[in-house]
Amino acid sequence: MASATWSQTFTMAKKRTAYRVWLSEVMLQQTQVQTVIPYYLRFLTKFPNVTALANASLDDVLHAWAGLGYYSRARNLHKTAILIRDKFHGKFPTSLESMIALPGIGRSTASAILAFCDQQTLPILDGNVKRVLSRLHAISTVPQKNEKELWLLAQHYTPEKTDIIDYTQAIMDLGAMICTRHSPKCTECPVAQECLAYTRNETALYPVKAVKKSLPIKKIFLMVLINKKMKFS
DNA sequence: AAGTCGTGGCA
DNA sequence: TTGCCAAGACT
């Protein structure tokens, strides 16, 4: 198979520990699965648990991260590992608030860790879930304005009693494999009949693109000047 | 609350 | 080729 799902790669490692889920979620922030996989496997070999990561030097961590981009993620990863070692007796906290308080862990990442590792019924809202929900409900507001609505919808669909792990993985995989950004495979989608974007034949319209602020005329003028200067220097 | 952070895939 | 943007979080 040319491209494995993340869940397939992940389950190659034996168990979803908080450390492994945390590491994977951070690496996957704004970074595609195929890029992350080799880094993730190498990282786990080099730093098998949170204590090993905390005991490593920042330089070693940054070196293992080199090429992944967004290096503040690596710095925060190391910071958090040290916090877990020194302030949390080597164990991750199990409340959403204390999880979010850790460097580099926002609401979605925190919820993902707690859902996967502690079966807590918490909604996640990453790029995949946002795309799925945007199409399912044909959300026409711009991304800058629809954050609250998307979180409410994410919460609405999150199962209260059972299957939180399966659900969380499923909706992410749906976004990654079927409800893709370009040419989604709607014929394979289990919720196509309930999807407003699909039934209206408008999947390409969602999620609505961000509106870019137009550049001030003054700034454009400056850029033109700089551009001319570069050509003659 | 808008800007920033990195790299690679894709049209 | 260029621009857009991806399993976000921080300031």
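A quick note: this is a predicted structure, and the numbers were derived from the prediction, not measured. We name chains A, B, ... by the order of the sequence lines, and we start the count at 1 in each one.
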Which distance, rounded to the nearest 0.5 Å, do you find between the [atom1] of [X] and the [atom2] of [Y]?
{"X": "A:Ile171", "Y": "A:Asn128", "atom1": "CD1", "atom2": "CG", "value": "9.0 Å"}
{"X": "A:Ile113", "Y": "A:Leu96", "atom1": "CD1", "atom2": "CG", "value": "10.5 Å"}
{"X": "A:Arg135", "Y": "A:Leu196", "atom1": "CZ", "atom2": "CG", "value": "13.0 Å"}
{"X": "A:Arg20", "Y": "A:Asn49", "atom1": "CZ", "atom2": "CG", "value": "9.0 Å"}

Q | Heavy-atom protein contacts under 4.0 Å, nucleotides 5-11 of chain C, coded B base, S sugar-phosphate only, - none | A | SBBBSS-
Q. If the P atom of C:dC4 is compared with that of B:dT4, how far apart are they to the nearest Å?
A.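 Taking atom P in both C:dC4 and B:dT4, they lie 15 Å apart.
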Q.
Taking the P atom in each of B:dA1 and C:dA7, what is the distance between them to the nearest angstrom?
A.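 The answer is 25 Å between these two P atoms.
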Q) Is any side-chain N of the basic residue among A:Glu25 and A:Arg73 closer than 4.0 Å to the acidic one's carboxylate O? A)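 Salt bridge absent between A:Glu25 and A:Arg73.
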**Q.** Secondary-structure string, 5' to 3', Watson-Crick or G-U under 3.5 Å, | for another-strand partners, for DNA chain C
**A.** .|||||.||||
Q.
I need the CH2-P distance between A:Trp65 and B:dG6, as an integer number of Å.
A.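 The distance from CH2 of A:Trp65 to P of B:dG6 comes to 11 Å, rounded to the nearest Å.
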Q. Rounded to the nearest Å, what distance is computed from the CE atom of residue A:Met27 to the C1' atom of nucleotide B:dG8?
A.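 My rounded result for the distance is 16 Å.
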Q. Which pairs with one or both residues in residues 92-118 of chain A pass ring pair (Phe, Tyr, Trp, His ring centres under 6.0 Å), sequence neighbours excluded?
A.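 For residues 92-118 of chain A, and leaving out neighbouring residues, the ring pair (Phe, Tyr, Trp, His ring centres under 6.0 Å) pairs sorted by first residue read A:Trp22-A:Phe92.
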Q) Under 3.5 Å, side chain of A:Trp65 to main-chain N/O of A:Gly69, donor-acceptor pair present? A)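 Yes, because the side chain of A:Trp65 sits within donor-acceptor range (under 3.5 Å) of the backbone of A:Gly69.
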Q) Which sits closer to the 5' end of DNA chain B, A:Leu68 or A:Lys145, going by the nucleotide each is nearest to? A)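 Its nearest nucleotide being more 5', the pick is A:Lys145.
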(Q) Counting neighbours of NZ on A:Lys145 that are heavy atoms of other residues, nucleotides or ligands and sit closer than 6.0 Å, is the number greater than 12? (A)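 Incorrect, the count does not exceed 12.
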